Amino acid sequence: KTESVEEWFPLVDPEGHVIGQAPRSMCHLGPGRLHPVAHLHVVNSRGELLLQLRASTKDLLPGMWDTAVGGHIGIGETVEQGLRRETREEIGILDFKPFLIQRYVWESKRESELVFSFICQHDGPFKPDPLELDDLRFWTRGEIQSNIGKGVFTPVFENEYHWIRNRLK
């Protein structure tokens, strides 16, 4: 019988300096344990935005549409290393040039995250991981705007959308 080892995350201050570490379960017990995450917004050459449908098995926000890539930065990883690892794992691309849009603190009832939000242009092909997401597709600006506030998207995505919507056609 194999026992799964719990993942540990770095704890950071609002500037991103590592100040400790904690297991995933502790980081997700409520706000207060700030840990870094990276998001990648992928825009195609037609100005459409790639979104992932979070797997129905996820413990946080299952079955909601979200940024193309989103994941925790691991202990000892730089933000860029974590972003590239998560992008490879979730949507299967290696060749992309990320641009930082925003760094901000996101707090919910479940956790506190220091979010590094990036954007890139890419037309695929993509290789989505079926364990991470249930669907992956491009959305037009109109499709997104007509679904904002209706419980279709994660709150984090809706928060970040206002920073990227003007980059879409």
Side-chain angles (χ1 to χ4, degrees), residues 4-42 49-87 89-91 98-120 128-129 131-137 139 143-168:
S4 66
V5 175
E6 185 170 11
E7 190 176 9
W8 281 63
F9 300 147
L11 297 176
V12 295
D13 66 18
E15 296 302 310
H17 303 108
V18 176
I19 57 171
Q21 54 184 254
R24 178 187 191 103
S25 59
M26 290 294 293
C27 290
H28 291 169
L29 277 180
R33 291 164 220 67
L34 189 63
H35 56 284
V37 300
H39 293 170
L40 181 65
H41 298 276
V42 178
L49 189 62
L50 187 68
L51 298 179
Q52 67 159 275
L53 182 61
R54 294 176 59 81
S56 56
T57 56
K58 289 277 191 183
D59 62 334
L60 291 173
L61 306 169
M64 296 186 83
W65 288 94
D66 202 357
T67 57
V69 175
H72 294 93
I73 307 302
I75 292 175
E77 280 185 318
T78 65
V79 172
E80 175 131 349
Q81 288 168 336
L83 174 70
R84 290 192 175 278
R85 176 185 47 75
E86 288 288 342
T87 301
E89 290 172 3
E90 292 188 6
I91 63 172
F99 296 94
L100 182 66
I101 303 169
Q102 187 80 11
R103 180 188 75 201
Y104 67 98
V105 173
W106 175 262
E107 288 204 334
S108 69
K109 291 181 212 169
R110 191 82 184 263
E111 64 184 332
S112 297
E113 294 180 330
L114 180 60
V115 181
F116 293 85
S117 183
F118 293 87
I119 194 167
C120 77
D129 180 347
L131 298 176
E132 291 281 340
L133 50 125
D134 286 347
D135 197 5
L136 184 72
R137 76 169 180 89
W139 291 63
E143 286 176 313
I144 294 169
Q145 289 182 179
S146 67
N147 283 287
I148 291 279
K150 294 183 178 176
V152 172
F153 305 118
T154 65
V156 174
F157 170 75
E158 289 194 3
N159 179 64
E160 290 187 16
Y161 181 67
H162 72 274
W163 293 320
I164 61 169
R165 66 179 173 226
N166 292 331
R167 296 172 187 243
L168 308 177

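These numbers come from a predicted model, not from an experiment. Heavy-atom basis, side chains included; hydrogens, waters and symmetry copies ignored.
Summarising the geometry of Thr78 relative to Ile73, their closest heavy-atom pair is O-CG2, 3.8 Å, with the distance given to 0.1 Å. Pro98 and Leu40 make their closest contact through CB-CD1, 4.4 Å (heavy atoms, listed as atom of the first residue, atom of the second, distance). Between Leu61 and Pro155 the shortest heavy-atom distance is CD1-CD, 4.0 Å. Between Val152 and Asn147, the closest heavy-atom pair is CG2-OD1, 3.6 Å.
Contact of the Leu53 side chain with the Leu133 side chain is not registered, since no non-hydrogen atoms from C-beta on lie closer than 4.5 Å. With contacts defined as side-chain heavy-atom distances shorter than 4.5 Å, the pair Pro36/Val18 does not qualify. Using a 4.5 Å cut-off on side-chain heavy atoms (C-beta onward), Leu83 and Phe116 make no contact. Residues Leu136 and Gln52 are in side-chain contact: their nearest non-hydrogen atoms beyond the backbone lie under 4.5 Å apart. Within the 4.5 Å cutoff, side-chain heavy atoms of Leu50 are placed close to those of Ile91.
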Show me the donor-acceptor pairs within less than 3.5 Å that the side chains of residues 63-70 make with the rest of the protein, sequence neighbours left out.
from  : atom 1 : to     : atom 2 : distance (Å)
Asp66 : OD1    : Thr154 : OG1    : 2.9
Thr67 : OG1    : Val69  : O      : 3.1

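Relative orientation of the His35 and His28 rings is tilted, given thresholds of 30° and 60° on the angle between their planes.
Here the straight-line distance linking atom NE2 of His17 with atom CG of Leu114 works out to 10.5 Å at 0.5 Å rounding. With rounding to the nearest 0.5 Å, the separation of CG in Leu11 from CD1 in Ile75 is 8.0 Å. Atom NZ of residue Lys58 and atom CG of residue Leu131 lie 9.0 Å apart, to the nearest 0.5 angstrom. Taking CD1 of Ile164 as the reference point, atom CD of Gln102 lies at 12.0 Å (rounded to 0.5 Å). Atom CD1 of Ile101 is separated from atom NE2 of His39 by 11.0 Å, given to the nearest 0.5 angstrom. Note that CD of Glu113 and SG of Cys27 are 9.5 Å apart. Values are rounded to the nearest 0.5 Å.
Sorted by first then second residue, the salt bridge (Lys or Arg N to Asp or Glu O under 4.0 Å) pairs that include residues 144-162, not counting sequence neighbours, number zero. Residue pairs meeting the salt bridge (Lys or Arg N to Asp or Glu O under 4.0 Å) criterion with at least one member in residues 14-42, sequence neighbours excluded: Glu7-Arg24, Glu15-Arg103. For residues 70-79, the pairs satisfying salt bridge (Lys or Arg N to Asp or Glu O under 4.0 Å) are Glu77-Arg85, with sequence neighbours left out.
Residues passing the side-chain hydrogen bond (donor to acceptor under 3.5 Å, both in side chains) test with Glu107, sequence neighbours excluded: Ser112. Partners of Ser25 by side-chain hydrogen bond (donor to acceptor under 3.5 Å, both in side chains), not counting sequence neighbours, listed by chain and number: Glu6. Checked against salt bridge (Lys or Arg N to Asp or Glu O under 4.0 Å), Glu86 has no partners two or more places apart in sequence or in another chain. Residues satisfying the side-chain contact (heavy atoms from CB on, under 4.5 Å) criterion with Asn159, sequence neighbours excluded, are Tyr104, Trp106, His162, Trp163. Taking Glu111 as the reference, nothing meets the salt bridge (Lys or Arg N to Asp or Glu O under 4.0 Å) condition, with sequence neighbours excluded. Annotation: ring-ring contact (aromatic ring centres under 6.0 Å, His included) contacts of Phe153 (sequence neighbours excluded): Trp139, Phe157. Listed by chain and residue number, Asp134 satisfy the side-chain contact (heavy atoms from CB on, under 4.5 Å) test with Ser56 (two or more places apart in sequence, or in another chain). The ring-ring contact (aromatic ring centres under 6.0 Å, His included) check on His41 picks up nothing, with sequence neighbours excluded.
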